[in-house]
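This report concerns only the one structure given below.
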Amino acid sequence: MQALELLLQRNSFNQLMEPAPSTEQLDIILDAAVCVPDHGALKPWRFIVFQDQALCDLGEIFAEAAELQKAAPDLVEKAKLMPLRAPLVIAIIADIKESTKIPRQEQLLTAGCCVHAMQMAAVAQGFDGIWRSGALAYDAHVKQQFKLKAEDEIVGFLYLGTAKSAVPQKKRDKGSAFTQIW
Ligand SMILES: Cc1cc2nc3c(=O)[nH]c(=O)nc-3n(C[C@H](O)[C@H](O)[C@H](O)COP(=O)(O)O)c2cc1C
């Protein structure tokens with residue numbers, strides 16, 4: 001796939017099934033993540049990969065978080081099943097580094113770029129996926145289970161797999177509609 005085609009025809013897709021990227025393909029996805037712009041070379045990122053039984057473990061963490069939030073039983077069950085919507089889920093964490101020069105915001109942006117780069121690297125290899133957050137990305141119990149520092153953030157859960165059907169192409173805006181030529 002050509003680079004511009006990849007960028008201009010990028011679409012998320014949430015109907016995902018096996019096969020997931022292989023170990024080698026996942027390595028490429030992870031390598032793409034760490035090629036993103038990174039002011040001060042702080043490497044403010046950390047990734048947690050969930051596959052197979054680990055997807056169920058993540059579901060348990062989500063369910064515990066929902067229970068702690070006193071969610072209704074049906075929502076607890078829903079939270080438990082969330083990670084099973086794809087054969088591979090990657091949690092992307094902004095691992096915020098102490099710096100007098102590089103603000104936290106820039107480190108969060110870098111971690112966000114990691115998610116986009118990973119999604120693109122997956123699509124380039126024939127997979128599809130969707131970047132999700134949801135309330136559980138901001139949840140104290142989930143953060144504790146992932147061993148985040150107080151200043152860290154979960155910037156997303158990237159769900160990846162093979163599209164169950166043809167991915168609909170969205171009609172996109174023209175970038176110039178949001179642009180002022182000074
Ligand atoms: C930080 C962030 C969090 C997101 N969280 C969710 C989410 O929890 N659930 C969801 O359906 N889409 C979420 N999205 C949006 C999807 O990733 C996707 O961009 C959207 O469905 C539009 O599709 P497109 O990427 O093909 O334009 C999120 C996007 C971003 C950037």
Side-chain angles (χ1 to χ4, degrees), residues 1-17 20-21 29 32-33 35-38 44-50 55 58-59 61-66 69 71 74-96 103-143 145-146 148 151-179:
M1 191 182 260
Q2 295 295 312
L4 281 178
E5 188 189 344
L6 181 65
L7 289 171
L8 294 172
Q9 295 177 15
R10 188 203 64 84
N11 282 288
S12 303
F13 198 57
N14 60 9
Q15 300 297 308
L16 303 165
M17 60 180 187
I29 291 168
C35 289
V36 299
D38 175 19
W45 49 61
R46 184 155 73 81
F47 315 116
I48 309 177
V49 173
F50 300 91
L55 291 170
L58 181 59
I61 292 172
F62 283 177
E64 287 163 11
Q69 289 173 11
D74 58 323
L75 293 179
V76 173
E77 189 57 24
K78 193 176 167 199
K80 191 178 194 167
L81 298 176
M82 277 177 180
L84 303 178
R85 293 175 292 182
L88 171 65
V89 175
I90 307 175
I92 296 91
I93 292 153
D95 184 357
I96 303 293
R104 183 173 187 273
Q105 173 176 328
E106 293 190 10
Q107 300 186 45
L108 289 168
L109 289 168
T110 287
C113 287
C114 293
V115 189
H116 188 244
M118 288 168 131
Q119 188 179 13
M120 298 292 88
V123 172
Q125 296 182 89
F127 299 96
D128 279 283
I130 183 164
W131 177 349
R132 295 180 187 274
S133 53
L136 292 168
Y138 307 98
D139 182 89
H141 178 71
V142 177
K143 289 178 166 182
Q145 293 301 304
F146 288 1
L148 266 64
E151 58 275 29
D152 294 348
E153 297 289 349
I154 299 168
V155 296
F157 294 98
L158 184 61
Y159 285 66
L160 295 176
T162 299
K164 285 185 181 169
S165 58
V167 179
Q169 292 291 305
K170 296 188 185 72
K171 185 170 164 13
R172 299 296 188 178
D173 294 317
K174 293 300 291 177
S176 57
F178 302 85
T179 307

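Remember, it's 1-based here, ligands and their atoms both numbered in the order they're listed.
Protein residues lining ligand 1, listed by chain and number: R10, N11, S12, I130, W131, R132, S133, G134, K170, R172 [non-hydrogen atoms, distance under 4.0 Å].
In terms of heavy-atom proximity, A71 sits nearest to V76 at O-CG2, 3.8 Å.
Atom NZ of K80 has 12 or fewer heavy atoms from other residues, nucleotides or ligands within 6.0 Å.
The backbone N or O of L7 sits nowhere less than 3.5 Å from a side-chain atom of R10 that would complete a donor-acceptor pair. The backbone N or O of I130 sits nowhere less than 3.5 Å from a side-chain atom of N14 that would complete a donor-acceptor pair.
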* Passes side-chain contact (heavy atoms from CB on, under 4.5 Å), E106 versus T110? Steps please. -> CA-CA 6 Å; E106 293 190 10; T110 287; 5.7 Å; no

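For the ring pair (Phe, Tyr, Trp, His ring centres under 6.0 Å) with F157, the lone residue among F47, F62, W131, F50 that qualifies is F62.
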